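Comments concern the structure below.
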Amino acid sequence: MRTAVGRPLLISMPSRVAGLARPRARLFLALLALLMLASLTALSNPSLQSAATPNDDPASTIAYGATVEALRHGANYYSATVDALRASDQPVRPWLAVRLPTLSVVQASLSPVTAALLLYALALVTLASWWKCLGSILPRPIPRLVAVVFAAGGMWSALLGQHVIDHELWAGLLISLSLATRAPDRSTASVALGLSAMLLHEGAALFVIIMAVCALSEGFRREAACWGIAAAVFGITLWFHAGAVAAITGPLDQPWSGWPGILGFGFAVRSLVGTTILSALPLSLGALAIGLALAGWASWRDPLAFRALATLIGYLLFLSLLAPVDASGWAYLIAPISMIGLIFVPDALRDLVRAALDRRRITVTRTAP
């Protein structure tokens, strides 16, 4: 027997867990408790704690900053980048160790102030797109404003302007904007933004794969084909990029150390906390907020929420199972969308608790014939 559905608190429609039968509601509450406990594993693995928090000036960021300066003076991108990475004792082979030239070339054509302003503009456009995108589920202005504030908290590093050189930061904003602009009847802009994100950081390819799979599962074959074309363009670009890197590196250059093994869900959560405004809170509170945000995305009954949740889970699994220790910056790719899910938590928790505590009974009375 399903529980009666109450009036939504913040959102315009009942959450995915509204009206669940009491046994299922209690099961979902137990799963939520397990998610919270899993998020708190961010407090463990002390040997990985510093690695899971992106540094303000990592060696790779300094190297690409030097590359941009060299490009402004007429240097070749690949020669300048490999020389800068060698000077900072960073790996330069295979080609995965060297970023695509897109962002550095663009920034070299701009002044540092203009590049920072462009980053701010991208962040503000992304926030405005989420304001418009959330209009149907959050029709009242105050809850929608809170959701946009959560989004701003996820892109805090971009708004502070401290990581203008970081490829992950720019790509993460483009991934967020791609999600916010995607609609069943218009996906071209979303695909173009996803391709742009890949050309800035190869890690955005996972987002494109997730979007293509979601489009196929939802029956949008044309959209899935567009995502496939974007992936093909990216693949061709990588082929040329790999050749350019191989032409100026040799066996004596420092190689990439490869995959280190399973670092755990706690490493992924800690990495994500470190890229958002949640880093200002005690780690325990920040980790719990990430867990609640995931639950919030899961509770919104909408294809966009499913795609956002799939993106978050995909990157968290990568960070948990495959990422090198120094790849915690990949969390920037999902930071801009991570905290938005918190706006759906009040309705989801109210609906779950209400269903779990439901004590209604059905009384059957027999009347005389």
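What you are looking at is a predicted structure, and each value in this text was computed from that prediction instead of being measured.
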4.5 Å side-chain heavy-atom contact, Met211 and Phe220: no
Co-membership, hydrophobic cluster, residues Leu292 and Phe306, 4.5 Å side-chain: no
Heavy-atom donor-acceptor pair, Asp166 side chain to Leu169 backbone, under 3.5 Å: no
Side-chain heavy atoms of Gln107 within contact of Glu69, under 4.5 Å: no
Heavy-atom side-chain contact between Asp302 and Ile137 under 4.5 Å: no
Ser104 side chain near Thr81 side chain, heavy-atom distance below 4.5 Å: no
Separation between CG of Leu321 and CZ of Phe265, rounded to the nearest 0.5 Å: 10.5 Å
Separation between CG of Leu304 and SG of Cys133, rounded to the nearest 0.5 Å: 4.5 Å
Distance-minimising heavy-atom pair for Ser320 and Ala268: OG-CB, 3.4 Å
Heavy-atom closest contact (Thr275 atom, Ala335 atom, distance): OG1-CB, 3.5 Å
Under 3.5 Å: donor-acceptor pair, side chain of Thr114, backbone of Leu110: no
Side-chain donor-acceptor contact under 3.5 Å, Tyr332 with His167: no
Heavy atoms of other groups near Tyr78 OH, more than 12 under 6.0 Å: yes
Shared hydrophobic cluster, Leu96 / Leu199 (ILVMFWY, side-chain heavy atoms < 4.5 Å): yes
Rounded distance [0.5 Å steps], CG in Leu40 versus CG in Leu283: 8.5 Å
Main-chain N/O of Pro251 paired to Arg93 side chain as donor or acceptor, under 3.5 Å: yes
Between Ser190 and Ser187: side-chain donor-acceptor atoms closer than 3.5 Å: no
Arg72 charged N/C atom sitting above Tyr77 aromatic ring, 6.0 Å / 45°: no
Thr67/Ile165 under side-chain contact (heavy atoms from CB on, under 4.5 Å): CA gap, chis, key distance, verdict: CA-CA 10 Å; Thr67 297; Ile165 299 295; over 6 Å; no
Heavy-atom pair of closest approach, residues Thr126 and Ser176: CG2-OG, 3.4 Å
Stepwise side-chain contact (heavy atoms from CB on, under 4.5 Å) test for Trp130 and Leu177: CA-CA 8 Å; Trp130 276 109; Leu177 184 57; over 6 Å; no
Side-chain ion pair, Glu218 and Arg307, N-O less than 4.0 Å: yes
side-chain contact (heavy atoms from CB on, under 4.5 Å) between Leu174 and Leu122, worked out: CA-CA 8 Å; Leu174 289 172; Leu122 178 58; 4.0 Å; yes
Common cluster, Leu9/Leu134, ILVMFWY with side-chain heavy-atom separation under 4.5 Å: yes
Close side-chain approach of Val208 and Met198, heavy atoms under 4.5 Å: yes
Side-chain heavy atoms of Leu316 within contact of Leu294, under 4.5 Å: yes
Minimum side-chain heavy-atom gap Leu312-Ser338 below 4.5 Å: yes
Contact summary for Ser271 and Leu319, nearest pair of heavy atoms: CB-CD1, 4.4 Å
Trp170 side chain to Val164 backbone, donor-acceptor under 3.5 Å: yes
Closest non-hydrogen atom pair, Ile175 against Ala204: CD1-CB, 4.0 Å
Rounded distance [0.5 Å steps], NZ in Lys132 versus CG in Leu127: 15.5 Å
Side chain to side chain, Ile343 and Leu138, heavy atoms closer than 4.5 Å: yes
Test log, rule salt bridge (Lys or Arg N to Asp or Glu O under 4.0 Å), inputs Arg186 and Glu223: CA-CA 9 Å; Arg186 60 179 193 281; Glu223 180 190 350; over 6 Å; no
Side-chain (Ser88) to main-chain (Ala84) donor-acceptor, under 3.5 angstrom: yes
Same apolar cluster (I L V M F W Y, side chains within < 4.5 Å links), Leu317/Leu272: yes
Nearest-0.5 Å distance, OG1 of residue Thr276 to CD1 of residue Ile290: 5.0 Å
Geometric class of the His201/Trp330 ring pair [parallel <30°, tilted 30-60°, perpendicular >60°]: perpendicular
Trp297 side-chain N/O to Ile337 backbone N/O, donor-acceptor pair under 3.5 Å: yes
Within one Ile-Leu-Val-Met-Phe-Trp-Tyr cluster: Ile313 and Ile334, side-chain cutoff 4.5 Å: yes
Minimum-distance pair of heavy atoms, taken over all atoms of Gly194 and Trp227: CA-CZ3, 4.1 Å
Trp300 and Ser15: side chain donor to acceptor below 3.5 Å: no
Exam field: side chain Thr41 to backbone Gly266, donor-acceptor pair closer than 3.5 Å: yes
Any donor-acceptor pair under 3.5 Å from Tyr315 side chain to Ala310 backbone: no
Charged tip of Arg144 within 45° of Trp131 ring normal and under 6.0 Å: yes
Sidechain-backbone polar pair: Ser12 side chain, Pro139 backbone, donor-acceptor under 3.5 Å: no
Main-chain N/O of Asn76 paired with Ser79 side-chain donor or acceptor, under 3.5 Å: no
Residue pair Thr237, Leu100: steps toward the side-chain contact (heavy atoms from CB on, under 4.5 Å) verdict: CA-CA 9 Å; Thr237 303; Leu100 288 164; 4.1 Å; yes
Between CE on residue Met155 and CG on residue Leu173, distance to nearest 0.5 Å: 5.5 Å
Lys/Arg-Asp/Glu bridge criterion (N-O < 4.0 Å) met for Asp351, Arg354: no
